[in-house]
Amino acid sequence: MEKWEYASLYLVKVRNQVRESRLFRDDKVTVENKLVAVIVRVKVDTIRTQVSSDIAAFNWAGQQGWRVRLDGAAPPGPVPDLVTEAVRADGEAVACRQFYLERALAG
């Protein structure tokens, strides 16, 4: 019988404010938005990478051996603390979408 491992793929919109100091004028503040993919394995750990799109996130998860489950995505909700911590280096997590992943374990 095949054993399965489960995880969640979070696509997180991250906002980062970049302040540019100017000597003779007011400081310039630029707001950057990024998309970060975070895989949270059930009861184990997280891995993350910056991606350019949803498709890039799914491809990245596939390279890690995961596939998106047929039951798709979770309803919108708040950004979990574990995900917020994972993307902290990239900026402030402002929104996310969760997709369910699965992969067969080598038997």
Side-chain angles (χ1 to χ4, degrees):
M1 182 169 197
E2 205 167 28
K3 292 187 178 186
W4 293 89
E5 180 179 19
Y6 300 98
S8 291
L9 170 66
Y10 291 90
L11 295 179
V12 186
K13 180 180 178 183
V14 177
R15 179 179 22 211
N16 189 21
Q17 291 188 357
V18 178
R19 183 175 298 278
E20 179 185 324
S21 295
R22 297 178 175 184
L23 193 56
F24 297 106
R25 292 187 276 165
D26 291 338
D27 290 353
K28 179 182 176 185
V29 177
T30 305
V31 176
E32 298 175 340
N33 289 307
K34 302 177 191 175
L35 186 62
V36 177
V38 180
I39 292 178
V40 179
R41 292 170 51 195
V42 176
K43 300 180 184 174
V44 185
D45 60 2
T46 65
I47 58 173
R48 71 171 202 31
T49 190
Q50 188 174 334
V51 293
S52 58
S53 67
D54 295 2
I55 298 300
F58 296 141
N59 287 338
W60 173 70
Q63 291 170 354
Q64 310 303 314
W66 297 99
R67 68 178 185 191
V68 177
R69 287 179 34 192
L70 295 177
D71 51 358
V79 181
D81 291 340
L82 187 62
V83 174
T84 300
E85 288 298 318
V87 301
R88 186 173 304 271
D90 295 300
E92 174 192 4
V94 292
C96 77
R97 289 183 292 161
Q98 179 186 10
F99 297 87
Y100 302 120
L101 303 176
E102 64 185 7
R103 68 178 169 190
L105 295 174

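Model, not experiment: these values are computed from the prediction.
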Minimum-distance pair of heavy atoms, taken over all atoms of Leu9 and Ala61
CD2-CB, 4.5 Å
Nearest 0.5 Å please: distance from the CH2 atom of Trp4 over to the CG atom of Leu105.
9.0 Å
Enter the distance from Arg15:CZ to Glu92:CD here, rounded to the nearest 0.5 Å.
5.0 Å
Which pair of heavy atoms, one from Val12 and one from Ala93, lies closest together, and at what distance?
CG1-CB, 3.7 Å
Surrounding NZ of Lys13 (heavy atoms of other residues, nucleotides or ligands, distance under 6.0 Å), is the total greater than 12?
no
So, using side-chain hydrogen bond (donor to acceptor under 3.5 Å, both in side chains) as the criterion, who are the partners of Glu85 when residues are at least two apart?
Arg88
Is there a continuous path of hydrophobic side-chain contacts, each under 4.5 Å between heavy atoms, that joins Val83 to Leu35?
no
Residue pairs fulfilling side-chain hydrogen bond (donor to acceptor under 3.5 Å, both in side chains) with at least one residue in residues 50-59, sequence neighbours excluded
Asp54-Arg97
Using the rule given for side-chain contact (heavy atoms from CB on, under 4.5 Å), can you reason through Asp90 versus Asn16, listing the C-alpha separation, both sets of side-chain angles and the distance that settles it, and then say yes or no?
CA-CA 7 Å; Asp90 295 300; Asn16 189 21; over 6 Å; no
So, taking the atom named CD1 in Ile47 and the one named CD in Gln64, what distance separates them when rounded to the nearest 0.5 Å?
4.0 Å
Scanning both residues in full, the closest heavy-atom pair of Val94 with Val79 reads C-CG2, 4.5 Å
For Trp66 and Ala7 the tightest heavy-atom approach is CH2-CB, 3.5 Å
Residue pair Ala86 / Val38: nearest heavy atoms and the distance that separates them
CB-CG1, 4.1 Å
Rounded distance (nearest 0.5 Å) linking atom CD of Glu102 with atom CZ of Arg67:
4.5 Å
With a 4.5 Å cut-off on side-chain heavy-atom distances among I, L, V, M, F, W and Y, is there a chain of contacts connecting Ile39 to Tyr100?
no
Partners passing ring-ring contact (aromatic ring centres under 6.0 Å, His included) against Phe58 (at least two apart in sequence or in another chain):
Phe99
Minimum-distance pair of heavy atoms, taken over all atoms of Tyr10 and Cys96:
CD2-SG, 3.9 Å
The reported gap from CG in Leu101 to CZ in Arg41 (rounded to nearest 0.5 angstrom) is 11.5 Å
